[in-house]
Amino acid sequence: MDDTALRPGRSATRPAPPAATEAARPPTWALRLQRRLRHGDQTFTLDVDLTLAQPHMALVGPSGAGKTQTLKLIAGMARPDAGRVAIAGRVLHDSAAGFSLPARQRRLGYVFQDYALFPHLTVRQNIGFALRRGWLNPGRSADAPQVERWVKAFHLQAIVDHYPHQISGGQRQRTALARALVTEPDALLLDEPFAALDRPLRQALRRELLDLRAEVAVPTLLITHDDEDAELLADAVVQLQAGRVVSAPEGVR
Amino acid sequence: MDDTALRPGRSATRPAPPAATEAARPPTWALRLQRRLRHGDQTFTLDVDLTLAQPHMALVGPSGAGKTQTLKLIAGMARPDAGRVAIAGRVLHDSAAGFSLPARQRRLGYVFQDYALFPHLTVRQNIGFALRRGWLNPGRSADAPQVERWVKAFHLQAIVDHYPHQISGGQRQRTALARALVTEPDALLLDEPFAALDRPLRQALRRELLDLRAEVAVPTLLITHDDEDAELLADAVVQLQAGRVVSAPEGVR
Amino acid sequence: AELTVSAAASLNNAFQELAPAFEAAHPGTKLQYNFAASGALLQQIAKGAPVDVFVSADQATMDQAQAQGLVKREQRRNVMSNSLVLIVPAASTQPPRSLGDLAQPAYQRVAIGLPASVPVGRYTQQVLQAAGLWTAIEPRMIGANNVRQALDYVARGEVDAGFVYATDAALVPGKVKVALTVPTTEPILYPAAPMAGSAQPELAQRFVQWLLSPPAQAVLARHGFGQPR
Amino acid sequence: MGSSFSGALVPLLLTLKVAGWATAINLVLGIGAGLLLARARFPGRDLLDAALTLPMVMPPTVLGYYLLVLIGTQGPLGGWLLQHFGIRLIFSWQAAVIAAAVVSFPLVFKAARAAFETVDPQLEDAARSLGLGEAAVFFRVTLPLAWRGILAGLLLAFARALGEFGATLMVAGSIPGKTQTLSIAVYEAVQAGQDDVANFLVGVTSLTCIAVLLAAGRLAPGRVLARG
Amino acid sequence: MGSSFSGALVPLLLTLKVAGWATAINLVLGIGAGLLLARARFPGRDLLDAALTLPMVMPPTVLGYYLLVLIGTQGPLGGWLLQHFGIRLIFSWQAAVIAAAVVSFPLVFKAARAAFETVDPQLEDAARSLGLGEAAVFFRVTLPLAWRGILAGLLLAFARALGEFGATLMVAGSIPGKTQTLSIAVYEAVQAGQDDVANFLVGVTSLTCIAVLLAAGRLAPGRVLARG
Ligand SMILES: Nc1ncnc2c1ncn2[C@@H]1O[C@H](COP(=O)(O)OP(=O)(O)OP(=O)(O)O)[C@@H](O)[C@H]1O
Ligand SMILES: Nc1ncnc2c1ncn2[C@@H]1O[C@H](COP(=O)(O)OP(=O)(O)OP(=O)(O)O)[C@@H](O)[C@H]1O
Ligand code: MOO
Ligand SMILES: [Mg+2]
Ligand SMILES: [Mg+2]
């Protein structure tokens with residue numbers, strides 16, 4: 001497999017499939033993931049096999065079903081024991097071929113369930129984190145138009161200079177969301193991104209996400225416990241239970 | 001003010017008001033809290049004044065309104081600049097009288113928005129934490145009936161020996177809830193306790209909470225963004241905005 | 001009974017060998033040695049260390065002890081002597097034949113005990129000053145913290161020459177060559193004295209005297225020490 | 001001095017005793033000072049921190065000299081002990097413990113302070129709200145979470161105590177079987193030109209140190225993550 | 001030896017130069033070794049960790065002797081340097097730097113390892129998924145989060161380097177104005193019974209150390225919490 005072909009330059013026309021595609025019209029999500037987590041004599045086995053044409057997927061299921069683990073495997077933060085990950089035809093991981101892109105080259109926007117904000121950086125620095133290349137963090141007053149855009153969109157103006165431990169749960173969640181969106185990723189992986197938000201804010205942010213997707217057609221994988229979220233933001237709902245896909249309807253639910 | 005009188009022994013008949021009450025029938029929640037948080041030239045001012053007869057209150061409001069701060073002040077984890085806190089007639093703090101119970105004597109069950117589980121202890125040790133007196137943590141296999149009860153009620157059997165970083169977001173939240181309930185507190189302060197749970201689990205836990213309250217009449221203050229939570233679990237909904245109470249209806253909403 | 005003897009570090013080997021003989025001659029007595037630089041020994045004694053006998057490597061330190069009333073001056077004895085030697089690495093092809101040769105370019109580095117704190121350095125400085133060579137040699141001096149360090153430098157060929165005691169040079173015969181025995185302006189004599197505060201004044205005095213006995217002197221001679229003159 | 005193993009056994013045991021006691025003392029004092037400086041705010045805090053680091057900066061012999069002045073029979077502490085309890089510290093193994101403890105104190109103190117400062121205060125709040133008193137919070141939450149960093153400091157302190165001889169020699173002397181530790185024996189062997197004895201003793205010291213460090217490694221908990 | 005301030009100035013400057021360089025070297029080597037042992041898994045890791053702590057356990061004079069054997073003109077490293085580059089390390093201030101660096105290395109290494117082990121790996125994952133390479137992740141996330149612990153180690157190492165003289169004296173000799181550091185001067189004054197000179201020099205050393213520690217305290221970030 002040609003490594004270079006798999007890492008096409010960031011194309012200006014985003015929706016167009018990258019250079020090396022699989023078929024004429026690849027599915028947006030082509031996931032085959034196996035992983036066993038062991039702790040003492042307890043094991044949790046994740047075994048997800050899923051192909052989905054729709055760009056926007058909601059991943060639902062009970063607590064501990066393996067939703068977060070699935071996202072981490074897709075993002076390259078953990079290695080599957082076996083499997084293959086392709087998004088819109090771009091292969092990110094293929095155990096059989098011994099191929100695996102490092103997390104940093106996957107160009108995915110990831111919002112962590114517990115935010116994972118950088119505690120030593122202010123809200124503004126967190127959001128601008130990926131824009132600054134090189135070995136230095138963005139300055140405390142570094143300003144970029146993309147940062148400003150999301151700060152405004154997510155109503156974070158009042159706290160841009162706060163550190164993560166100085167802001168509320170919902171503010172943290174929005175900061176994490178903004179940090180991921182700023183990079184203009186090829187796909188979004190969102191782990192309960194609205195859980196800490198009240199209804200009006202939740203609605204406002206859904207709006208923002210929909211607007212974004214109208215602008216650039218970025219596929220989303222959204223973990224949520226909120227039916228409305230799934231309904232409004234996803235074309236397909238996939239249900240996970242005890243590490244396996246139990247229902248993956250074709251078409252909108 | 002007599003210090004001893006304010007710290008009555010744990011009475012067996014829980015709903016009965018403790019020894020030193022204020023009036024014949026004290027309100028469940030009598031809160032007056034002022035605190036200013038400064039960061040650079042930004043200030044956030046919390047100024048809550050609230051008296052509520054109903055035992056079960058939901059605290060709602062936009063992200064950053066001051067809900068979590070209010071809870072921390074009630075729990076004694078931060079000091080108000082000025083104010084007074086009394087729950088069911090038991091005075092926990094009174095700036096004017098120069099009186100303030102330390103957090104550990106307030107006998108409140110607190111569920112943190114980000115769980116604050118002890119990372120060096122297993123789920124079982126976390127839940128049994130408060131049962132063990134003295135300077136040692138409960139053993140990894142220490143068993144107590146109260147712990148078992150909540151482990152079962154919250155479906156945590158499979159992961160009792162896991163450490164917090166080895167469990168899912170929802171599992172963490174349930175562990176935090178169990179840890180607070182095990183102490184049989186005088187009142188419960190819950191900061192979005194169901195946010196990371198899927199619908200069936202959320203319903204099951206609400207049930208558990210209602211059952212508990214039917215058994216021992218423990219007042220609850222619940223921060224939530226979920227209208228159903230508020231409806232089912234609270235007798236009164238208080239809305240906070242920019243640090244102030246903007247609506248506190250008497251009676252059920 | 002235990003008799004604690006604080007002795008200059010350079011006496012370590014010889015005194016270890018002396019112990020059984022003294023203990024045999026004085027049944028029931030156990031010798032306890034405490035070795036360190038003479039200056040450190042004096043400080044310990046001055047601060048109340050429970051010592052019975054003090055054996056210094058130089059007169060100056062013992063003089064100080066005496067001035068502070070720490071030793072019994074009337075029982076102070078010089079118990080052995082040593083000599084200053086100029087040594088060169090064993091591999092050295094042209095050893096100096098006189099002190100004056102040290103001024104030649106071949107001797108860029110000369111190991112000398114630090115005159116301020118190491119007795120052997122003080123003797124060396126006196127000799128070189130008397131010979132009018134100090135100003136020429138001082139810039140080439142590699143200061144050593146004690147005699148042993150100077151010896152190591154020479155033995156490892158890191159310096160071109162060095163000043164040590166004859167007893168030290170005898171420790172590593174294969175690695176250093178004695179080029180010259182240097183007559184010192186004052187003789188190198190090791191004084192010993194019982195401590196004024198000793199709990200066993202008699203035994204302490206007997207040890208000092210025993211050091212001058214033929215069997216003790218024989219052992220000391222084997223380690224390169226001379227008779228006290 | 002025997003170059004046989006049995007010759008090294010007495011100083012080895014003494015050394016372990018001295019280093020063990022010194023480390024135990026620093027376990028208490030270092031953690032106490034580290035906690036104080038990590039948590040309490042008071043004027044001159046930084047200055048106190050710097051001052052407590054000074055034993056590290058002084059040449060051990062010099063430190064030994066000052067200790068000698070302090071605990072010698074003429075000194076304020078030593079004199080008081082002698083007068084009231086008839087205890088003569090100087091030239092005793094206890095003096096060696098004091099010297100080793102003073103020399104290695106900053107290692108534990110600094111490590112403990114840094115470790116305490118990375119403990120999330122919210123976890124301590126959680127423990128308080130669960131009814132724990134301050135001591136219990138410390139032993140059940142703060143200390144376990146800071147333990148990894150403290151242990152690193154303790155191991156360094158133990159190693160330092162094993163290797164200490166400058167200050168020790170000054171206050172405890174070098175009396176074989178009584179105060180002659182391994183390091184002092186090594187030093188003397190080097191001084192006396194007994195290179196093989198020195199190498200042998202250094203070998204024993206190093207092996208002992210490695211063994212103790214490996215054993216202590218077991219005391220470290222598995223990787224404890226910062227977040228719950 | 002002058003007891004005036006100007007008499008202390010030359011050794012003071014030399015001492016600062018030596019300790020500064022030694023600390024700079026350990027900044028790189030200690031952090032590197034600490035990172036390696038905190039992150040890489042390989043057989044013998046614990047053994048390597050213990051071995052890297054050994055410079056701490058050896059009496060400095062003995063360590064100095066081994067260093068002399070290594071970097072002396074007859075030694076393997078020193079001989080090689082002399083032959084191929086004409087560099088003679090021994091009796092130079094660079095030799096003093098090497099000695100001070102070796103003696104204080106374990107302080108930085110241990111502190112760095114413990115600090116790196118408390119950094120939440122999820123934060124590093126977050127940085128990677130934001131497109132950062134491993135080096136950038138290290139400099140922008142790992143290092144800042146571990147910095148407080150590392151700094152504590154560096155300060156101790158600097159203090160130790162200031163106070164080091166046993167090993168230094170051995171490989172650098174004591175050449176006034178060239179390799180005579182403050183500690184060596186102090187030692188000599190104590191040995192020679194010049195208490196006032198010694199006290200004066202100890203005062204200068206202590207003040208210098210305190211000044212440096214206070215200044216370095218500014219380098220520590222505000223209390224960085226473990227959780228975001
Ligand atoms: N390091 C680990 N070792 C062992 N088991 C683990 C580890 N990490 C996670 N698990 C287990 O894997 C299962 C799946 O976890 P995951 O975080 O993916 O759940 P989830 O579907 O995201 O749940 P939630 O909705 O509660 O966040 C859980 O049962 C958890 O206990
Ligand atoms: N240490 C601090 N310094 C300065 N400001 C702070 C600090 N802690 C909190 N704040 C500010 O106080 C305000 C209230 O925070 P709080 O956590 O109470 O919000 P909340 O109502 O719980 O919101 P959410 O629903 O998002 O959790 C926020 O605007 C926050 O930025
Ligand atoms: O014998 Mo000494 O006092 O070490 O020079
Ligand atoms: Mg999850
Ligand atoms: Mg909140």
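Just so we're on the same page: letters track the sequence lines, and every chain starts at 1. What you see is a predicted model; the values in this text were computed from it and never measured.
A:Ser168 approaches B:Gly64 most closely through the heavy-atom pair OG-N, 3.3 Å. For the pair B:Asp114 and A:Arg172, the tightest heavy-atom approach, listed with the atom from each and the gap, is OD2-NH1, 3.4 Å.
Remark: of the listed residues A:Arg202, A:Gln171, A:His155, A:Arg174, A:Arg174 is the sole one forming a side-chain hydrogen bond (donor to acceptor under 3.5 Å, both in side chains) with B:Ser63.
The environment of B:Arg206 atom CZ is dense: over 12 non-hydrogen atoms of other residues, nucleotides or ligands sit within 6.0 angstrom. Around the CZ atom of B:Arg149, the shell of radius 6.0 Å holds more than 12 heavy atoms that belong to other residues, nucleotides or ligands.
Atom CD1 of B:Ile159 sits about 9.0 Å away from atom CD of A:Gln42, to the nearest 0.5 Å.
By number of non-hydrogen pairs under 4.5 angstrom with chain B, the leading residue of A:His162, A:Glu192, A:Arg199 is A:His162. Per-residue heavy-atom pair counts under 4.5 Å with chain B were compared for A:Ala196, A:Gly66, A:Ala65, and the maximum is reached by A:Ala196. Contact tally against chain A (heavy-atom pairs below 4.5 Å) for B:Gln173, B:Lys67, B:Gln166, B:Gln69: the top residue is B:Gln166. Between chain B and the options A:Thr68, A:Asp161, A:Asp191, A:Leu201, the largest number of non-hydrogen pairs under 4.5 Å is found for A:Asp161.
Two residues are said to be in side-chain contact when any heavy atoms from C-beta on lie closer than 4.5 Å; B:His39 and A:Tyr163 meet this criterion.
Both the backbone and the side chain of A:Pro62 have a heavy atom closer than 4.5 Å to some heavy atom of chain B.
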